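Small disclaimer: the values here were computed from a predicted structure and weren't measured.
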Amino acid sequence: MTTDYRLVSVLCLMQPPSFLLYGANGYSGELIARYASRYNLHPILAGRRKEAIEPLAEKYGLPYRVFDVDDKPSLLAALREVPVVLNAAGPFQYTAKQLVDGCLETGTHYLDINGDISIFEKIKSYDAAAKKKQVMLLPGVGFDVVPTDCLALYLKKQLPDAFSLKLAFATLGGVISHGTATTMAERLGEGGAMRKGGKIIAVPLGRKGMQVDFGKKQLFVMSIPWGDISTAHFSTGIPDIETFTGISRKVYRLLKFQFLYNWLLRRSFIRRYIKNKIEQRPAGPSDAQREKAVGLVWGEVTNAAGETATARLTGPEGYTVTIHGSLLILQKVLDGNWKPGYQTPALAYGEDLVLEIPGMRRG
């Protein structure tokens, strides 16, 4: 028996789609499309290549649109069909601005699963325009940065006069996707970042390393430029922020000398070579790998008197968090639960938002 996809398309169009999912053919985008029906959500799948989007739409029985974000008329036409768009098309330096500009023109709410400090800072600059248009701009609705943002606000409420925040995360048994790896390749040789006295400053990648008790396990972590360098300051007002990820001590020692070859890592031919290697690997972790992996988050705040408060999260690995985090927030937006202007996940929906993700525990 063959499927009549013309009939499928007609039936899909009879059911009003709930949101536009741009970058649906990426690893995270496909997972979000697959799980959307569990939240009673019915997206329009979108991307710039028909050969990638059309088979996915046929697989899930969903409508689709094909356009490049630089094609403004097509972009605006697609945005006018929906109240909210979720941008899953990284690297986000190539898609976020165009989609945000389009959303402000069409009155469409903007969400993404970005984790790049510079993208958060850029979208934040649209705050006044978004408030005027009564549009919400909420980047970072996935693993970047729902768990860490919620933990930051939770800790701030435990110690309201905190001036310093440290956040760390690690995954036991995790694998990264093509999209995440490609975004990392785009940033090779660019060093790290931290927030000091309220300002974002450049520092060497892996400037600091330390042992962290994640509750389930003690792990070594090193400092990295995670999205919370931008978002946690907006959510909490804490002026000094550092972010860390789990890594082997051997790799950490090698990275201490990265400053000697950063100039080489920034060369385009090196980045092209690494991207080609990435494409030869699996698109991301299998369902079995995701189910077995465990995500760990730790945070600590300190005040001027030296008092501290510490908290931890244990739950699914990052891509599973991205699925549920983004769909939970989409559901809230479509139910009319949103705030105009630039938002972070915790400011928009509270520090307990992360606990709505299946399997997530705070302690």
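Cluster membership for M360 and L153, using ILVMFWY side-chain heavy atoms within less than 4.5 angstrom, is not shared. Under the 4.5 Å side-chain heavy-atom criterion for Ile, Leu, Val, Met, Phe, Trp and Tyr, L137 and L76 are members of distinct hydrophobic clusters. Using a 4.5 Å cut-off between side-chain heavy atoms of Ile, Leu, Val, Met, Phe, Trp and Tyr, with links allowed through other members, L296 and M210 fall into the same hydrophobic cluster.
For the atom pair CG (D112) and OG1 (T95), the distance works out to 7.5 Å, reported to the nearest 0.5 Å. Between L111 atom CG and L138 atom CG the span is 5.5 Å, to the nearest 0.5 Å. Between the CD1 atom in I229 and the CD1 atom in I224 there is a gap of 9.0 Å [rounded to 0.5 Å]. Within the model, atoms CG of D149 and OG of S230 stand 10.0 Å from one another, a figure rounded to the nearest 0.5 Å. Remark: T231 OG1 to L347 CG distance equals 9.5 Å, nearest 0.5 Å. The distance from atom CG of N87 to atom CG of L99, rounded to the nearest 0.5 Å, is 5.0 Å.
Each of F244, W226, F214 was compared with F169 under the ring pair (Phe, Tyr, Trp, His ring centres under 6.0 Å) criterion, and only W226 meets it. Tested against D240 for a salt bridge (Lys or Arg N to Asp or Glu O under 4.0 Å), the candidates K166, R195, K196 yield a single pass: K196.
Contact check on K72 versus E105 returns a salt bridge, with a Lys/Arg side-chain nitrogen under 4.0 Å from an Asp/Glu carboxylate oxygen. Between D127 and K132 no salt bridge is recorded (no basic side-chain N to carboxylate O distance below 4.0 Å). The existence of a salt bridge linking E356 and K332 is confirmed by a sub-4.0 Å separation between a basic side-chain nitrogen and an acidic carboxylate oxygen. At a threshold of 4.0 Å, the pair E81-R65 counts as salt-bridged, since one of the basic side-chain nitrogens sits closer than that to a carboxylate oxygen.
The two residues Y319 and E317 make their nearest non-hydrogen contact at N-OE1, 3.1 Å. What you find for G47 and Y22 is that their closest heavy atoms are CA-CE1, 3.7 Å. The shortest non-hydrogen separation linking C103 to V135 is O-CG2, 4.1 Å. When all heavy atoms of P43 and L21 are compared, the pair lying nearest together is CB-CB, 4.3 Å. Across all non-hydrogen atoms, the minimal contact from A293 to T171 is CB-CG2, 4.2 Å. Across all their heavy atoms, R362 and L151 have their closest contact at CD-CD1, 4.3 Å.
For the pair E242 (side chain) and L167 (backbone), a donor-acceptor distance under 3.5 Å is absent. Looking at T108, its side chain does come within 3.5 Å of a backbone N or O of L79 through a donor-acceptor pair. Looking only at distances, no side-chain donor or acceptor of R49 sits under 3.5 Å from a matching main-chain atom of A52. A donor-acceptor contact shorter than 3.5 Å links the side chain of Q158 to the backbone of Y154. Checked by atom type and distance alone, the side chain of H324 never pairs as donor or acceptor with a backbone atom of I357 at under 3.5 Å. Remark: side-chain polar atoms of R207 are not paired, donor with acceptor, to backbone N or O of M222 under 3.5 angstrom. Between the side chain of D352 and the main chain of L355, no donor-acceptor pair closer than 3.5 Å is present. No donor-acceptor pair closer than 3.5 Å links the side chain of T344 to the backbone N or O of S235. In this structure a side-chain-to-backbone donor-acceptor pair under 3.5 Å is present from H109 to M136. With hydrogens and angles ignored, the 3.5 Å screen pairs a side-chain donor or acceptor of Y27 with a backbone N or O of P285.
The closest side-chain heavy-atom distance from L327 to L41 is below 4.5 Å. Contact check for Y342 versus P139: side-chain heavy atoms found under the 4.5 Å cut-off. You'll find the side chain of P316 stays beyond 4.5 Å of the side chain of R290, heavy atoms only. Within the 4.5 Å cutoff, side-chain heavy atoms of I119 are placed close to those of F92. Side chains of I123 and Y110 form a contact here, defined as non-hydrogen atoms less than 4.5 Å apart. Inter-residue side-chain proximity for L328 and S326 is flagged as unmet; no heavy-atom pair is nearer than 4.5 Å. The side-chain heavy atoms of L330 and V84, taken from C-beta on, include a pair separated by under 4.5 Å. At a threshold of 4.5 Å between non-hydrogen side-chain atoms, the residues T308 and V301 do not count as touching.
Annotation for K133: atom NZ does not count as buried by contact number, only 12 or fewer foreign heavy atoms lying within 6.0 Å.
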task: Start with the C-alpha gap between Y94 and V69, add the side-chain angles, then the distance that decides, and say whether side-chain contact (heavy atoms from CB on, under 4.5 Å) holds.
output: CA-CA 9 Å; Y94 303 123; V69 292; over 6 Å; no
message: Would Y60 and H42 count as a side-chain contact (heavy atoms from CB on, under 4.5 Å) here? Give the steps.
response: CA-CA 10 Å; Y60 295 119; H42 310 283; over 6 Å; no
task: Using the side-chain contact (heavy atoms from CB on, under 4.5 Å) rule, take E30 and Y35 through it: C-alpha gap first, then chi angles, then the decisive distance, then the call.
output: CA-CA 9 Å; E30 191 276 335; Y35 280 78; over 6 Å; no
query: What do the steps show when you test L86 against V141 for side-chain contact (heavy atoms from CB on, under 4.5 Å), and what is the final call?
result: CA-CA 9 Å; L86 173 61; V141 299; 3.8 Å; yes
task: Show your reasoning for whether ring-ring contact (aromatic ring centres under 6.0 Å, His included) applies to F234 and F120.
output: CA-CA 10 Å; F234 193 81; F120 285 118; over 10 Å; no
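For the residue pair S28 and T322, no side-chain donor N or O sits within less than 3.5 Å of a side-chain acceptor on the partner. Side-chain N/O atoms of Q98 and D70 include a donor and acceptor closer than 3.5 Å. Side-chain N/O atoms of E121 and S118 include no donor and acceptor closer than 3.5 Å.
Each side-chain hydrogen bond (donor to acceptor under 3.5 Å, both in side chains) pair with one or both residues in residues 291-302, not counting sequence neighbours, appears once here: E300-T310.
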